[in-house]
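Have a look at the structure below before the remarks.
In what follows, residues are counted from 1 in the order of the sequence shown.
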Amino acid sequence: MPPDAAPRPDSENDVMPAVQNVLVVGGGAAGAASAILLAEQGVAVEVAEANPDVTTLGSGITLQGNALRVLRRLGVWEQVSAKGYAFNDLGIRAPDPHGTVVAEFPDARTGGPELPATLGMYRPDLAAILMQRATELGAKVRFGSSFAELTQDDHGVDVRFSDGSSGRYDLVIGADGIRSAVRRAIGVELETRSTGMGIWRVFAPRPASVTRTDLIYGGPSYIAGYCPTGEDTLYAYIVEKVQDRSGLSPAEKLATMVELSQAYHGPWDDIRPGLTDPSRVNYTRFETHLLDAPWNRGRVVLIGDAAHTCPPTLAQGAAMALEDAAVLAELLTTAEQLDQSVFDVFTVRRYERAKLVVESSVQLGQWLIDGVRGDVPGLMGKVSALVSQPA
């Protein structure tokens with residue numbers, strides 16, 4: 001049993017979960033983590049994932065220590081550490097012809113001293129590991145399935161699925177991302193806005209010169225960085241002023257990213273020759289929103305990007321989603337009954353923490369847009385101090 005794992009109720013004296021069967025909509029980090037922690041405690045869990053599988057093509061993901069702490073609690077740390085690439089420091093380089101290192105410092109070990117500060121990995125590998133763990137614990141997964149209708153009363157939620165089937169659940173967890181269909185279905189209006197930045201990402205071979213994340217601020221783009229994701233792989237990214245790149249073909253997207261990378265050097269000169277596969281390049285906008293408390297409407301609750309989303313300037317998006325799942329599952333499996341007090345405690349424990357991360361992530365980007373030298377170390381230190389404490 002992993003060090004942080006809670007024992008499964010096995011006697012009449014143990015508190016039984018406040019829910020007996022739960023539907024999780026969305027099979028990403030937040031949804032899979034919820035399924036794992038609930039199934040581990042004997043709750044019957046179904047996961048509805050609209051995609052045909054969880055291993056669709058994607059780029060890398062950066063996981064900070066507080067995310068790793070939850071992954072250890074989920075019982076998947078060994079698999080994650082074997083697939084990913086861990087490191088404990090961060091470099092800052094100049095946008096000069098040599099990519100000169102101007103600062104190196106130890107990154108905050110927000111998951112505790114026994115875990116690395118940061119781990120990069122291939123996003124579909126993480127998704128596959130989490131979903132395998134959920135199914136091993138008994139969660140049932142509906143791939144290529146979503147809901148068509150949610151109807152709730154004081155005792156449960158009736159769900160009609162897109163394939164015509166139906167079910168009744170004690171609780172529905174909306175973990176279906178930034179444009180959550182669950183959120184819309186329960187009548188929650190939330191403005192998701194662009195922060196003014198767009199990011200090019202590419203999954204590529206890792207040269208020997210890349211052993212951690214280095215960030216280059218400035219030059220023709222706002223940020224150029226990279227993160228090792230395995231012995232042979234990395235993902236690299238360039239952040240620019242947001243613009244409409246939707247009309248570009250895959251080959252044109254690759255050519256654009258290669259062209260933008262020409263301004264950056266050091267390990268970028270080693271990365272560039274490996275940027276050859278157009279299917280590995282994607283472009284997305286930085287967006288943000290934060291849902292006011294509470295994050296539920298009756299017996300439907302929102303977590304992860306469905307409730308809060310931030311640009312990846314602090315690499316805390318996955319961590320916040322995993323923490324949501326851990327806190328919600330803890331409350332659901334220790335409360336004697338499901339009522340509004342459970343959800344109120346959930347948002348009390350999560351709202352201010354998520355708010356600081358969202359606002360800080362946006363602020364870092366805004367300083368770059370405005371050309372303002374803000375207190376980046378101070379802001380990052382404040383966030384690190386907060387997330388170093390278990391959620």
Donor-acceptor pair, side chain of Glu49 and main chain of Gly27, under 3.5 angstrom | yes
Under 4.5 Å between side-chain heavy atoms, hopping through other hydrophobics if needed: is there a path connecting Ile238 to Tyr217?
-> no
Rounded distance (nearest 0.5 Å) linking atom OG1 of Thr213 with atom OH of Tyr237 | 4.5 Å
Between SG on residue Cys310 and CG on residue Asp305, distance to nearest 0.5 Å | 7.5 Å
Out of curiosity, does Met320 fall in the hydrophobic cluster containing Ile173 (side-chain heavy atoms, cut-off under 4.5 Å, transitive links)?
-> no
Could you give me the CA-CA distance, side-chain angles and deciding distance for Leu322 and Leu71, then say whether side chain to side chain contact (heavy atoms under 4.5 Å, CB included) is met?
-> CA-CA 8 Å; Leu322 289 166; Leu71 292 171; 4.1 Å; yes
Out of curiosity, does Val383 fall in the hydrophobic cluster containing Val327 (side-chain heavy atoms, cut-off under 4.5 Å, transitive links)?
-> no
Arg183 (side chain) donor-acceptor with Ala306 (main chain) under 3.5 angstrom = yes
Near Glu189 CD, under 6.0 Å, is it more than 12 heavy atoms from other residues, nucleotides or ligands?
-> no
For Gln20, does the CD atom have more than 12 heavy-atom neighbours from other residues, nucleotides or ligands under 6.0 Å away?
-> yes
Modelled atom types, side-chain donor and acceptor of Thr62 and Tyr235, under 3.5 Å | yes
Answer yes or no: is there an ion pair linking Asp324 with Arg350, defined by an N-O contact shorter than 4.0 Å?
-> yes
If you measure from the Lys or Arg side-chain nitrogens to the Asp or Glu carboxylate oxygens, is any gap between Arg73 and Glu40 under 4.0 Å?
-> yes
How about Trp200 and Glu240: do any of their side-chain heavy atoms sit closer than 4.5 Å?
-> yes
Do Arg201 and Thr284 get their side chains close enough for a donor-acceptor pair, meaning under 3.5 Å?
-> yes
Flag the pair Glu46 and Arg142 as a salt bridge only when some basic side-chain nitrogen lies within less than 4.0 angstrom of an acidic carboxylate oxygen.
-> yes
Decide yes or no for Val157 and Arg168: does some side-chain heavy atom of the first lie under 4.5 Å from some side-chain heavy atom of the second?
-> no
Consider only side-chain N and O atoms of Asp270 and Ser209, and report whether a donor and an acceptor are under 3.5 Å apart.
-> yes
Heavy-atom check, side chain of Ile216 versus side chain of Ile223, under 4.5 Å | no
Does Thr229 use its side chain to pair, donor to acceptor, with the backbone of Leu234 at less than 3.5 Å?
-> yes
Counting N and O atoms only, with roles assigned by atom type, does the side chain of Arg297 sit under 3.5 Å from a partner on the main chain of Pro294, one being a donor and the other an acceptor?
-> yes
Main-chain N/O of Gly198 paired to Arg245 side chain as donor or acceptor, under 3.5 Å = no
Counting distance only, does the side-chain N/O of Asp277 pair as donor-acceptor with the main-chain N or O of Ser279 below 3.5 Å?
-> yes
Straight-line distance of Asn21 CG to Leu171 CG, nearest 0.5 Å = 9.0 Å
Nearest 0.5 Å, what's the OG1-CD distance between Thr334 and Gln41?
-> 9.5 Å
So do Pro250 and Val281 actually touch side chain to side chain, heavy atoms under 4.5 Å?
-> no
Does the pair Arg349/Asp344 count as a salt bridge with the N-to-O cut at 4.0 Å?
-> no
Exam field: side chain Arg123 to backbone Ile61, donor-acceptor pair closer than 3.5 Å | no
Would you be so kind as to tabulate the donor-acceptor pairs closer than 3.5 Å made by side chains of residues 355-365, with sequence neighbours excluded?
residue : atom : partner : partner atom : Å
Ser360  : OG   : Leu356  : O            : 2.7
Ser361  : OG   : Val357  : O            : 2.7

Pairing of Glu287 and Arg193 as salt bridge, 4.0 angstrom limit = no
Can you check side chain to side chain contact (heavy atoms under 4.5 Å, CB included) on Asn296 and Leu302, steps first, answer last?
-> CA-CA 6 Å; Asn296 76 298; Leu302 303 170; over 6 Å; no
Is there side-chain contact between Tyr264 and Pro220, with heavy atoms separated by less than 4.5 Å?
-> yes
Any pair with a residue in residues 152-174 that passes ring-ring contact (aromatic ring centres under 6.0 Å, His included), sequence neighbours left out, goes on the list, sorted by first then second residue, please.
-> none
Centroid-centroid distance, Phe346 to Trp295, less than 6.0 Å | yes
Between Val24 and Val188, is there a shared hydrophobic cluster once you connect ILVMFWY residues whose side-chain heavy atoms come closer than 4.5 Å?
-> yes
Ring centers of Tyr122, Phe203 separated by less than 6.0 Å | yes
Measure the shortest side-chain to side-chain distance between Tyr222 and Ile369 over non-hydrogen atoms and say whether it is less than 4.5 angstrom.
-> yes
Taking atom types as modelled, is there a side-chain donor on Ser261 or Arg272 under 3.5 Å from an acceptor on the other?
-> yes
Going through the checks in order, is the side chain to side chain contact (heavy atoms under 4.5 Å, CB included) test met by Tyr351 and Leu290?
-> CA-CA 9 Å; Tyr351 181 79; Leu290 175 64; 3.7 Å; yes
Min side-chain heavy-atom separation Leu115-Trp77 under 4.5 Å = yes
Looking at side-chain heavy atoms only, is the closest gap between Val101 and Ile92 below 4.5 Å?
-> no
Pairs meeting criterion side-chain hydrogen bond (donor to acceptor under 3.5 Å, both in side chains) with involvement of residues 104-115, two or more places apart | Asn66-Thr110, Arg72-Glu114, Glu104-Arg212, Asp107-Thr118
Output yes when a side-chain donor or acceptor of Thr100 lies under 3.5 Å from a complementary backbone atom of Asp96, and no otherwise.
-> no
Side chain of Arg353, backbone of Val387: donor and acceptor closer than 3.5 Å?
-> yes
Given salt bridge (Lys or Arg N to Asp or Glu O under 4.0 Å), test Arg206 with Asp232 step by step and report yes or no.
-> CA-CA 5 Å; Arg206 181 184 75 87; Asp232 303 314; 6.0 Å; no
Just how far is it from atom CD of Glu323 to atom CG of Leu328, taken to the nearest 0.5 Å?
-> 13.5 Å
Under 4.5 Å between side-chain heavy atoms, hopping through other hydrophobics if needed: is there a path connecting Phe87 to Leu68?
-> no
Reported OG-to-NZ distance for the pair Ser384 and Lys382, which is rounded to 0.5 angstrom | 12.5 Å
Could you tell me whether Gln243 atom CD has more than 12 heavy atoms of other residues or ligands within 6.0 Å of it?
-> yes
Glu252 (side chain) donor-acceptor with Ser249 (main chain) under 3.5 angstrom = yes
